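Quick notes on the structure that follows.
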Amino acid sequence: MRPGVPYRIYGRIRGLSPEAARELLALAPFDAARAEAGGIEIEHEGRYVDVEEFLARAVALLPEGGDGDVDVIDEEAWTITRYALRRGDLQVVSHGLDDVLDHTKGEGNF
């Protein structure tokens, strides 16, 4: 991570056909989006990017069993938002960055 970058996005979308992966890559508003086996990997550090339209399209292209998770870290608002993608479903959960460990204690964080 580069210091002083206010907006970061990291994630993976899995289970895509090669055609769907190519379509999403062409629409990707991120600094880096790369094809990987069965999907795409997303990385972005820099300016604000509206991810919701892109992720809605990804959800529409996911086959049964496909999934993805994309984290958006907004250092100016001091939040992290997790987008969980499943076929036909986009779930969104946001937390303050100071609260992240409190929300993940059950996952092994102390």
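One is the number of the first residue; the rest follow in order along the sequence. The model shown is predicted, which means the values in this text are computed figures rather than measured ones.
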Taken to the nearest 0.5 Å, the spacing of I13 CD1 from L55 CG works out to 6.0 Å

Under the side chain to side chain contact (heavy atoms under 4.5 Å, CB included) criterion, do L24 and L16 qualify, and how do the steps go?
CA-CA 10 Å; L24 282 178; L16 295 168; 3.7 Å; yes

Quick test of your reading of the model: are R14 and E36 salt-bridged, counting only N-O distances below 4.0 Å? no

(request) State whether the number of non-hydrogen atoms from other residues, nucleotides or ligands found under 6.0 Å of E64 atom CD is greater than 12. (result) no

Between the CD1 atom in I42 and the CG atom in D71, the distance rounded to the nearest 0.5 Å is 10.5 Å

Using a strict 4.0 Å threshold on nitrogen-to-oxygen distance, state whether R34 and E43 make a salt bridge.
-> yes

- Query: Is there a side-chain contact between I40 and L25, using heavy atoms and a 4.5 Å cut-off?
  - Reply: yes

Heavy-atom nearest pair, A56 first then L90, reads N-CD2, 4.5 Å

Value for CD1 (I80) from CD (E75), rounded to nearest 0.5 Å, stands at 10.5 Å

Can any side-chain N or O of Y7 pair as donor or acceptor with the backbone N or O of V49 at less than 3.5 Å? yes

Exercise. Got a donor-acceptor contact below 3.5 angstrom from the H44 side chain to the R47 backbone?
Worked result: yes

Quiz item: Below 4.5 Å, heavy atoms only, C-beta onward: do H95 and R82 meet side chain to side chain?
Solution: no

key: Check: R86 side chain, G68 main-chain N or O, donor-acceptor pair, under 3.5 Å   = yes

In terms of heavy-atom contacts, G39 and A21 come closest through O-CB, 4.3 Å

Does L61 belong to the same Ile/Leu/Val/Met/Phe/Trp/Tyr cluster as F30, with side-chain heavy atoms less than 4.5 Å apart forming each link? yes

| request: Ignoring hydrogens and angles, tell me if any N or O in the side chain of R87 forms a donor-acceptor pair with the backbone of L62 under 3.5 Å. | output: yes

Open item on the list: Taking the side chain as everything from C-beta on, heavy atoms only, tell me whether V51 gets closer than 4.5 Å to I9.
Closed with: yes

Checklist entry - Can a donor-acceptor pair be found between the side chains of E52 and Y83 at a distance below 3.5 Å? => result yes

Ring pair (Phe, Tyr, Trp, His ring centres under 6.0 Å) pairs touching residues 55-80, sequence neighbours excluded, are none

I'd like to know whether Y10 forms a side-chain hydrogen bond (donor to acceptor under 3.5 Å, both in side chains) with E45, so could you lay out the CA-CA distance, the side-chain angles of the two residues, the decisive distance to 0.1 Å, and finally the verdict. CA-CA 9 Å; Y10 307 103; E45 294 184 355; 2.4 Å; yes

Here the gap from D99 atom CG to S94 atom OG, rounded to the nearest 0.5 Å, amounts to 11.5 Å

- Task: Answer yes if Y48 and F54 sit in the same cluster of Ile, Leu, Val, Met, Phe, Trp and Tyr residues linked by side chain heavy atoms under 4.5 Å apart, and no otherwise.
- Result: yes

What one should report as the nearest heavy-atom pair of D69 and L85 is N-CD1, 4.3 Å

Transitively linked via ILVMFWY side-chain contacts under 4.5 Å: V70 with L97? no

